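One structure is given here, and the rest of the page talks about it.
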Amino acid sequence: MHVVAVLALDGVIPFDLATPIEVFDRVRLADGGKPYEVRVCAPAGTVDAGMFTLNVRWGLEALLDADTIVLPGCADPAMAVPEEVLDHLRKAAAGGARLASICAGAFVLAATGLLDGLRATTHWIGARALAERHPAIEVDPQVLYVDNGQLLTSAGAAAGLDLCLHLIRRDHGSAVAADAARLSVMPLEREGGQAQFIVPAQPPTPRGATLEPLLRWMQENTDVEVTLGDLAARGGMSIRTLNRRFREQTGTTPLQWLLRARIRRAQHLLEATDQPVEQIAGQVGFGSPTAFRDRFKRIVGTSPQNYRAAFRRKDQNPSHSAVRE
């Protein structure tokens, strides 16, 4: 039987901990057989999980007998991981165990050094911190999970379900994985990556910066077709100065800043109105629906139609929803 060890450290996030336990323990093969044995392991017999305390049956030695080790996230990703935990994880990997992290569990996996030189992901909120702390890792905040073969990482919360279902499909094929997905009331494959859950933020601009009035105007007039010359004239400066100040004060170009502002506006309209995508494209300054769809998918990670299906505000009255923010 395939042994799945779930590592519980102090501060473990209950959702991340419960996901692999529930998903793997409920898997059944066509003959009714149970292919996985799930064990919760910890450095000590009790684990502080915040709102409650766990009594854990297995110690770290059980990691060395596992075929797959799942690393849930912890409430404080910056916490130091005990060296004995890292040693056991490295030994397990050297022995051929598969290691998979959920959400901020990527910080634990990264601390072993095993992810160095590889691509990985985590919850988009923690992606920058992971990249800064472990520069040898290529952190991709756009995807739901990354499969490097023996080492896998997933994004936050529900992406742990995606990862577990992916592992089941790897082990036993699509039919078994599809049954597991139905039990979890989840699609076997979700459209897009975690980028669709991230509102594309504008680079921060300090209050009082010389560009602040121009940025405010751009934010409020995303439907207006403008050129660099138009923006420079409105800001009372040359195009060269405009580009330089944008780089200094926002870290990006005028065009990229405006495109993100337009996509943010489009997201609001898709969520809050029933206007056709073609109409929204024009309202946020795109000359054609095709150009809008291409840019939206590039930034958000999914199509406007799929974004609306996922995030449409059911309690919003469409007749009053086109008011500017």
Side-chain angles (χ1 to χ4, degrees), residues 1-21 24-25 36-50 53-123 126-127 129-139 145-156 160 163-164 167 170-171:
M1 183 175 288
H2 188 115
V3 176
V4 177
V6 183
L7 179 63
L9 300 176
D10 282 340
V12 66
I13 298 171
F15 188 97
D16 294 357
L17 177 71
T19 295
I21 295 173
F24 286 108
D25 189 57
Y36 298 104
E37 177 187 345
V38 182
R39 302 174 180 175
V40 178
C41 309
T46 60
V47 175
D48 181 2
T53 300
L54 294 171
N55 292 318
V56 181
R57 188 178 304 172
W58 285 276
L60 293 179
E61 66 280 356
L63 297 176
L64 304 180
D65 298 326
D67 300 291
T68 294
I69 299 171
V70 180
L71 308 175
C74 293
D76 180 11
M79 73 172 188
V81 182
E83 193 59 38
E84 65 170 335
V85 172
L86 299 178
D87 285 342
H88 277 78
L89 291 175
R90 294 185 190 109
K91 288 177 183 176
R98 181 172 62 186
L99 276 63
S101 66
I102 295 176
C103 195
F107 286 80
V108 178
L109 185 53
T112 66
L114 296 171
L115 285 175
D116 288 357
L118 298 177
R119 183 165 160 259
T121 193
T122 187
H123 193 294
L130 182 64
E132 291 174 349
R133 194 172 306 167
H134 301 280
I137 300 172
E138 180 191 347
V139 179
Y145 59 82
V146 175
D147 183 348
N148 289 298
Q150 185 183 11
L151 304 173
L152 302 94
T153 53
S154 66
L163 179 63
C164 291
L167 290 173
R170 267 183 49 175
D171 294 341

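Residue numbers start at 1 and run along the sequence shown. Everything numeric here is computed off the predicted structure, so don't read it as measured data.
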Minimum heavy-atom separation for [X] to [Y], with atom names?
| X | Y | value |
| --- | --- | --- |
| Arg119 | Asn148 | O-ND2, 2.8 Å |
| His123 | Cys103 | CB-SG, 3.8 Å |
| Gly160 | Ser154 | CA-OG, 3.9 Å |
| Ala104 | Pro77 | CB-CG, 4.0 Å |
| Arg133 | Ala78 | NH1-CA, 3.4 Å |
| Tyr145 | Thr121 | CA-CG2, 4.0 Å |

Separation between [atom1] of [X] and [atom2] of [Y], rounded to the nearest 0.5 Å:
| X | Y | atom1 | atom2 | result |
| --- | --- | --- | --- | --- |
| Asp87 | Leu63 | CG | CG | 11.5 Å |
| Ile69 | Leu99 | CD1 | CG | 4.5 Å |
| Leu151 | Thr112 | CG | OG1 | 7.5 Å |
| Thr153 | Leu118 | OG1 | CG | 9.0 Å |
| Leu60 | Glu84 | CG | CD | 5.0 Å |
| Ser101 | Leu130 | OG | CG | 8.5 Å |

Please check if atom CZ in Arg57 has more than 12 non-hydrogen atoms from other residues, nucleotides or ligands closer than 6.0 Å.
->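 For Arg57, atom CZ is not crowded (no more than 12 foreign heavy atoms under 6.0 Å).
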Would Lys91 and Glu61 pass as an ion pair if we require N to O under 4.0 Å?
->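 Looking at Glu61 together with Lys91, the answer is no, because their closest N to O distance does not fall below 4.0 Å.
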Is any side-chain heavy atom of [X] less than 4.5 Å from a side-chain heavy atom of [Y]?
| X | Y | value |
| --- | --- | --- |
| Val40 | Val47 | no |
| Leu71 | Leu89 | yes |
| Pro20 | Val38 | no |
| Asp116 | Ile137 | yes |
| Leu167 | Phe24 | yes |

Evaluation steps, side-chain contact (heavy atoms from CB on, under 4.5 Å), between Val3 and Asp65 | CA-CA 8 Å; Val3 176; Asp65 298 326; 5.8 Å; no
For residues 6-15, which side-chain N or O atoms pair as donor and acceptor with protein atoms under 3.5 Å away, sequence neighbours left out?
from, atom 1, to, atom 2, distance (Å)
Asp10, OD1, Asp48, N, 2.9

Determine whether a donor-acceptor pair (N or O, by modelled atom type, separation under 3.5 Å) exists between the side chain of [X] and the backbone of [Y].
| X | Y | answer |
| --- | --- | --- |
| Gln150 | Ala93 | yes |
| Asp16 | Gly73 | yes |
| Asp147 | Leu152 | no |

Tell me, with the steps shown, if Leu115 and His134 meet side-chain contact (heavy atoms from CB on, under 4.5 Å).
-> CA-CA 9 Å; Leu115 285 175; His134 301 280; over 6 Å; no
Tell me yes or no: between the side chains of Arg98 and Thr68, is some donor less than 3.5 Å from an acceptor?
->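 The criterion, which ignores hydrogens and geometry beyond distance, is satisfied for Thr68 and Arg98.
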